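See structure below.
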Amino acid sequence: MPKNLVIVESPAKAKTIARYLGKDFAVMSSFGHIRDLPKKDIGVDVSNGFKPTYQISQDKEKVAAELRKASKSATVWLASDEDREGEAIAWHVCAVLDIDPEKTKRIVFHEITEPAITAAVANPRTIDLKLVHAQQARRILDRLVGYELSPVLWKKVRTGLSAGRVQSVAVRLIVEREREIKDFKHASSFKVSAVFNAGGHNLEAELEKKLRNTKNAREFLLSANKATFQVDDIVQKPGSRSPGAPFTTSTLQQEASRRLGYSVRQTMTVAQKLYEHGHITYMRTDSTNLSQLAVNAAKEYVVATYGEKYSRPTQYKTKSKSAQQAHEAIRPTHFNKPSAGTDSGQKKLYELIWRRALASQMTPASVQRTEATIAMSDRTDKFIATGEILVFDGYFKVYGGGKDDKILPSIEKGQQLPLKSMEALETFTRPASRYSEASLVKKLEELGIGRPSTYAPTIGTIQDRGYIEKKDLDGEPRKVNQLVLKNGKVDELSQMSTVGADKSKLLPTQLAEVVTDFLVKNFASVIDYDFTANAEGELDDIADGKLTWKEMLDKFYKHFHPLIKKSENVSRAEASQERKLGKDPKSGKNVFVRYGRYGPVLQLGEAPKDKKDKEAPKPHFAPLPEGTTLDDVTLMQAIPMFALPRIVGNTLKDEEITTNIGRFGPYLKVGSAFISLKEHDPLKISEAEARKVIISKQKADSKKLLADYGEVQVLNGPYGPYVTDGKINVKIPKATDPKKITEKDALKLLANPPRKKRR
DNA sequence: CAGTGAGCGAGCTTCCGCTTGACTT
């Protein structure tokens, strides 16, 4: 057994470090945090100085046992990351290994190289308890917010919901953006473009100002028809384009989404693989810093491949507010490998990382911009023509900059320019764009909310909870006007274009709107966009010893907990946004809409006042018609919905056919069988159409049945063959032929049903 | 595959941040 045990956070890191440390050192990994607050209980004794109860996380029992065993006869070196969480990990490891945090060797290194590690081992310190306390305050604050806020939602809105410092703000951003888009008033104006004859060559130019409406555009084109044009001025401006900093988690997610179409999660999974194979440095980072070794390696590669004048070694300042600088930027471990990875997904991402990191160490590209101003007789309006040529490609050699040169024909000041053609095209102002996964991450990072390791999981959570949906939008057609000057006359044309089409954008559900409205109204300060930034300031004070963690939590809780108490008085009707639509003319009963247990619901009549009164008439519930929402559905739209469930007629065997809309959409019911309605409206479908639907479903079902043993059946489902007894379904293993399953086999499979996962 | 909205009511849900597999779909 080695005399020394070094503990790091990641097993991949452990492997590399072990190579540098030699035989006297064993290197093991804690796999991140190994202790945490209990999952089931709040785990914080608020009345006892916020005393936390920590326990070894369920999935870390094995790791903890192995670390204990290995540490028995060895000196322990704690080498977790140098940030708040890393310091806390080291402290928790001490607790688990039963060693004194104030006497234990704590080491840190920012790059995994032999000299860095040797230097770290030569200069151990002890655990910084102030930093640990800052982490503890962060952890407890998040627990208090999450575990006191969520139950309020269970009571007032719907069971199983969640709220938290990060996710609730993410949802709020999306809800508010969608409302902005909905309320946006499009303004239109006309953009005028002209083509002039410049010594036999075409010169394209645009009118500097935009024209307000069709009338102005028409007038302008007519006056241009009579006018003469000449070159007023030519200005040449040199410009340069600088490369971006090497990737952080957030910028990698944005670029992988933009250039490769990867989801945030996909990017992280692929990057993890590249990291594990040693192709890239750690992928969860908010630092743009490169090690000196990396800067040198990049320089060497650039000089050798592209020449001296392309090389410019640079360190980039980290922009992120909450950056903790425990890691480097994401970069290739070997700059001399332009390609790495085992499949095309990995190769593409690696190449992107390699190009970006290399480009960051290259010179800016320089361009020459030419701007010509064209004057018009009788009017002060000016046309502008611009050209741009690339003078030196610089970092464009490896990253971006695929644009073609736009060269102006040679012209000189005072030159007359005969007009060849002119047109005015209607353009529209646009609202802010919807968030994609990647742009949401960018926004959260700007607000200092969330950390690199949580961006992908947060996006998963808000979708799993039913707050956000990732969708493609078709958009709507819109008429666009165009005025063309032709033979001294103005022709008015119009064409259709699509507005509002969008791909893979995050859209709020009605649940998200209801929950966000509730939280903003009752807990404004906690889901404020600045809440995290302010808390971070206080956490820094704790780390600096200017504030104790208990003082910070005390101040927060004195403000927060009364809000929880106060929210108990909010009625369910208010929280569910209940709205009276009016009276049903037939029955005279009131019609309401509100967010019910299973989503938006229409209600005809009131619930009985005395809950025990069994004789009292019950309200009639119905779903909202398609395309309507809680806040825009009208009485006229609502009333027809109460015709559901609707009796359509009978089958030839005289069974009753009814239709309704359920959780999974419109359906038809005959006997005890349910059939989804895809093309028909449950309010309108005729008896004859319904019979057709039933027959085609029966046909499909007969193909589905592979074997029928009475008690048990073998069926072909959408996810492959399975056996069922009507209650439990068990998938048939891939290796077995479903046609050869006997009754005995089926019963055996059903005897061991897989444990149910909650949705 | 599943097809509610009250009812009787027990038992459950939930946070953020650090790390990988084991496991479905």
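Keep in mind that this is a model prediction, so the values were computed, not measured. Residue numbers begin at 1 in each chain, while the letters A, B, ... track the order of the sequences.
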Integer angstrom distance from the P of B/dT25 to that of B/dA2: 15 Å

Contact class for A/Pro457 (heavy atom, under 4.0 Å): base, sugar-phosphate, or nothing? nothing

Just to verify, what does A/Tyr595 make a ring pair (Phe, Tyr, Trp, His ring centres under 6.0 Å) with, not counting sequence neighbours? none

Who pairs with A/His110 by ring pair (Phe, Tyr, Trp, His ring centres under 6.0 Å), at least two apart in sequence or on another chain? none

5'-to-3' dot-bracket of DNA chain B (Watson-Crick, G-U; under 3.5 angstrom; crossing pairs as [ ]; | other strand): .........................

List the residues meeting side-chain hydrogen bond (donor to acceptor under 3.5 Å, both in side chains) with A/Tyr529, not counting sequence neighbours, and say none if there are none. A/Glu176

Phosphate-side-chain proximity, A/Ser453 and B/dC18, N/O vs OP1/OP2 below 4.0 Å: yes

Applying a 4.0 Å non-hydrogen cut-off, can you work out what A/Lys669 is touching in the nucleic acid: base, sugar-phosphate, or nothing? nothing

Heavy atoms within less than 4.0 Å of DNA chain B: which residues of residues 133-148 of chain A have one? Give them sorted by number. A/Arg138, A/Arg139, A/Asp142, A/Arg143, A/Gly146, A/Tyr147

Would you check if there is a donor-acceptor pair between the side chains of A/Gln577 and A/Arg594 at a distance under 3.5 Å? no

Using a cut-off of 4.0 Å on non-hydrogen atoms, how would the nucleic acid contact of A/Gly32 be classed: base, sugar-phosphate, or nothing? base

Show every side chain to side chain donor-acceptor pair (under 3.5 Å) that has at least one partner inside residues 135-145 of chain A, sequence neighbours left out. A/Asp36-A/Arg139, A/Tyr54-A/Gln136, A/Glu85-A/Gln135, A/Glu85-A/Arg138, A/Arg138-A/Asp142, A/Asp142-A/Arg165

Distance, rounded to the nearest Å, where A/Arg84 contributes CZ and B/dG17 contributes C1': 10 Å

d(NZ, A/Lys15; P, B/dT19) in whole Å: 17 Å

How is A/Lys273 classified with respect to the nucleic acid when contacts are heavy atoms under 4.0 Å: base, sugar-phosphate, or nothing? nothing

Looking for any heavy atom pair under 4.0 Å, which part of the strands does A/Gln603 touch: base, sugar-phosphate only, or nothing? nothing

Between A/Leu677 (CG) and B/dA2 (C1'), how many Å, whole number? 15 Å

Hey, can you tell me if A/His92 and A/His33 have their rings parallel, tilted or perpendicular (30° and 60° cut-offs)? perpendicular

For A/Phe674, the ring pair (Phe, Tyr, Trp, His ring centres under 6.0 Å) test, sequence neighbours excluded, returns A/Tyr667

side-chain hydrogen bond (donor to acceptor under 3.5 Å, both in side chains) partners for A/Glu276, two or more places apart: A/Gln272

Would you please determine if the base of B/dT13 is stacked by A/Trp154, with stacking meaning a centroid separation under 5.5 angstrom and planes under 30 degrees? yes

Taking side-chain hydrogen bond (donor to acceptor under 3.5 Å, both in side chains) as the test, write out the residues that go with A/Glu61, two or more places apart. none

Considering only side-chain heavy atoms of A/Val166, which listed nucleotide, B/dT13, B/dC15, B/dC16, is closest? B/dC16

Which residues pass the side-chain hydrogen bond (donor to acceptor under 3.5 Å, both in side chains) test with A/Thr285, sequence neighbours left out? none

Roughly, in whole Å, what's the span from CD in A/Glu9 to P in B/dT20? 9 Å

Whole-Å distance between B/dA22 P and A/Phe31 CZ? 10 Å

Would you say a side-chain N or O of A/Ser150 is under 4.0 Å from OP1 or OP2 of B/dT13? no

Please give, in whole Å, the distance from B/dC16 P to A/Glu85 CD? 13 Å

Please report the distance separating the C1' of B/dC1 from the corresponding atom of B/dT24, rounded so that it comes out in whole Å. 16 Å

Answer yes or no: is there an ion pair linking A/Lys13 with A/Asp81, defined by an N-O contact shorter than 4.0 Å? yes

Could you tell me the separation between the CG atom of A/Asp36 and the C1' atom of B/dG17, rounded to a whole number of Å? 9 Å

Starting at the 5' end of DNA chain B and moving along, which residue's nearest nucleotide shows up first, A/Ala12 or A/Ile42? A/Ile42

Output one line per pair: protein atom, nucleotide atom from nucleotides 3-5 of chain B, and distance, for all N/O pairs under 3.5 Å.
from	atom 1	to	atom 2	distance (Å)
B/dG3	O6	A/Ser676	OG	3.4
B/dG3	N2	A/Phe664	N	3.3
B/dG3	N2	A/Phe664	O	3.4
B/dG3	N2	A/Gly665	N	3.2
B/dG3	N2	A/Gly665	O	2.6
B/dT4	O4	A/Arg663	N	2.7

Which part of the nucleic acid does A/Tyr595 contact within heavy-atom distance under 4.0 Å: base, sugar-phosphate only, or nothing? nothing

For A/Tyr282, the ring pair (Phe, Tyr, Trp, His ring centres under 6.0 Å) test, sequence neighbours excluded, returns A/Tyr275, A/His327

Please confirm whether the shortest side-chain N or O distance from A/Tyr455 to OP1 or OP2 of B/dG17 is below 4.0 Å. no

Mind checking A/Thr159 for me? I need base, sugar-phosphate or nothing, with any heavy atom below 4.0 Å counting as a touch. base

Report yes or no: do A/Ser250 and A/Glu445 form a side-chain donor-acceptor pair below 3.5 Å? yes

If the cut-off is 4.0 Å, is A/Arg284 near the phosphate of B/dT20, judged by side-chain N/O to OP1 or OP2? yes

Using whole Å, report how far CG of A/Asp41 lies from C1' of B/dT13. 14 Å

Can you tell me which nucleotide in B/dC16, B/dT20, B/dT19 comes closest to the side chain of A/Glu276? B/dT20

Let me spell it out: for each of A/Pro38 and A/Asp81, pick the nucleotide of DNA chain B with the closest heavy atom. Which residue's pick is nearer the 5' end? A/Pro38

Just to be sure I understand the rule, does A/Ala88 reach a base, reach only the sugar-phosphate, or reach nothing, if contact means heavy atoms closer than 4.0 Å? nothing

Any base atoms under 4.0 Å from A/Thr454, or only sugar-phosphate, or nothing? Heavy atoms, all strands. base

Taking atom types as modelled, find out whether A/Ser162 and A/Gln167 have a side-chain donor-acceptor pair closer than 3.5 angstrom. yes

Looking across every strand, which nucleic acid part, if any, lies under 4.0 Å from A/Thr461 by heavy atom: base, sugar-phosphate, or nothing? sugar-phosphate

